[in-house]
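Only this structure's heavy atoms are used, side chains among them; waters, hydrogens and symmetry mates stay out.
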Amino acid sequence: MFPALRTLFLSGARCWDADSERSYQDLFDRLDTNKDGKVDVAELRAGLKAMGIFRHGAAQKIVLTGDQNNDGCLDFNEFTKYLKDHEVKLRLTFRSLDRNGDGRIDASEIQQSLAELGIHICREDAQKILQSMDIDGSMMVDWNEFREHFLLYPAFNLEEIIRYWKHSSVLDIGDSLSIPDEFTEEEKSSDVWWKQLVAGAVAGAVSRTGTAPLDRLKVFMQVHSSKVNRIGLIGGFRQMIVEGGLTSLWRGNGINVLKIAPETAIKFMAYEQYKKLLSSEGKKIETHKRFIAGSMAGATAQTAIYPMEVLKTRLTLRKTGQYAGMFDCAKKILRKEGVIAFYKGYIPNLIGIIPYAGIDLAVYETLKNAWLSYHAKDSANPGVLVLLGCGTISSTCGQLASYPLALIRTRMQAQASLDVSDQPSMSSLLRTIVAKDGFFGLYRGILPNFMKVIPAVSISYVVYEHMKTSLGVTK
């Protein structure tokens, strides 16, 4: 993984002495490119890049951890202390991986350790991970090889190392049916977890606002478009602007943003509780149990905030002057249709969680393993583009599978606004749509839905990273 480290810094790998001040001095001198006796973030970042460590924020994390006098740099003493402290932690990780205590790690031990963290890989993939650390070609990794591989890698435990592949909920594409994000015990015991949730919520709010016109067009096409009343992209936008002006493209966005905070909080708390119920104490939750816990958490959050979903649909489809605002809308629905109206479409929405979350997780795991199969030997870090790409594709596949249920849900939520006296059930509505518009009638509005995915993901990521910096999560 680190060819530059082996050739430049550790040319005599088998003679490398981690306790030698001379060895540390050689490494420090090579990193200190401007020869001022200190290594700053820029110098360290360049050095890490040469070694094949591309993780965003790695250099900042090392400097932040080792900088004792808060001058933003590491002098030789700080650099040496950081490496020695880091090695102690790496030694503990190596011992936890070395299950049989023979001083070497083999492929089966890697498989077993990852399985306990809920990641199941085949022996061939485990061997490829092993090869990325194996210097002498023995298909075994001893302490010297393990230490060389991770010496200037800021992660120090197995959970940190696999967090590259953590499926982050920062990718907000407008639907909140995915399995919640994972946090380490260290994050939960600090203030990092809530800061990341806040950063994600703000990113989601900005992303949804930026793509609100496409979201409104999707809902408009889901409800009003049919074979006899075809609505295209340009025609749909034209109808909405003529009826309510340019600002009408953002109808329903206020409550769509407002529901992010309660939904995120409820889903996170419920997910943690369901994980505790489904996993043995002290053990990592397995992938299938994580899926069950995530689906149940999603169902719990949706049940709690579903009235806001109905309000969002009604406000999105409202005509000029129909409602004074969300409270006026809620009051009129309650007076005319009763409390039950706030749960119209609840069943198809609940059923839709399972195909969305299941396919989202399955596709993400497949793409992750495919990347590892071809590239794990070169680098354990997939990079931002790969992570975003995998998350975007998996979320899109989840949406594609659950879209017919989402359309039926939206139609049921909007029934009163369509002045339909006979309000059909989910099954009868499904039959009616297929009979009138064919199978593809279940995918009305999917084009603007797909069009908003890339801008939504891009906006989410950029805002999320800025928010993490502002909140002090990353430097």
State whether the side chain of [X] and the backbone N or O of [Y] hold a donor-acceptor pair below 3.5 Å, judged by distance alone.
X	Y	answer
Asn229	His224	yes
Ser225	Gln222	no
Glu243	Thr320	yes
Ser460	Ser207	no
Arg208	Asn256	yes
Lys227	Gly438	no
Tyr403	Ile446	yes
Lys452	Leu214	no
Arg318	Leu315	yes
Asp67	Gly72	yes

Original post:
Just wondering, are more than 12 heavy atoms of other shown residues or ligands nearer than 6.0 Å to CD1 in Ile454?
Top reply: no
**OP:** Might you confirm whether atom CD1 of Ile340 has over 12 heavy atoms from other residues, nucleotides or ligands at distances under 6.0 Å?
**Re:** no
Original post:
Can you find a pair of side-chain heavy atoms, one from Tyr271 and one from Thr300, that are under 4.5 Å apart?
Top reply: no
Original post:
Can you find a pair of side-chain heavy atoms, one from Met412 and one from Arg409, that are under 4.5 Å apart?
Top reply: no
Side-chain donor-acceptor pair under 3.5 Å between [X] and [Y], yes or no?
X	Y	value
Arg431	Ser425	no
Tyr346	Thr303	yes
Gln68	Tyr82	no

For residues [X] and [Y], report the shortest heavy-atom separation together with the two atoms involved.
X	Y	value
Gly352	Ser402	O-CB, 3.7 Å
Gly252	Thr316	CA-OG1, 3.6 Å
Asp328	Tyr323	OD2-CA, 3.4 Å
Tyr443	Leu407	N-CD1, 4.4 Å
Gln302	Asn349	OE1-ND2, 2.7 Å
Met221	Arg444	O-CB, 3.8 Å

Subject >> Passing option when Lys312 is tested against Asn253, Thr410, Asp215 for side-chain hydrogen bond (donor to acceptor under 3.5 Å, both in side chains) >> reply: Asp215
**OP:** Can you spot which of Lys259, Lys344, Gln413 makes a side-chain hydrogen bond (donor to acceptor under 3.5 Å, both in side chains) with Glu309?
**Re:** Lys259
Original post:
Just how far is it from atom CG of Leu249 to atom CD1 of Ile241, taken to the nearest 0.5 Å?
Top reply: 5.0 Å
Subject >> Pair Met451-Leu217, side-chain contact (heavy atoms from CB on, under 4.5 Å): steps then yes or no >> reply: CA-CA 11 Å; Met451 285 175 65; Leu217 180 61; over 6 Å; no
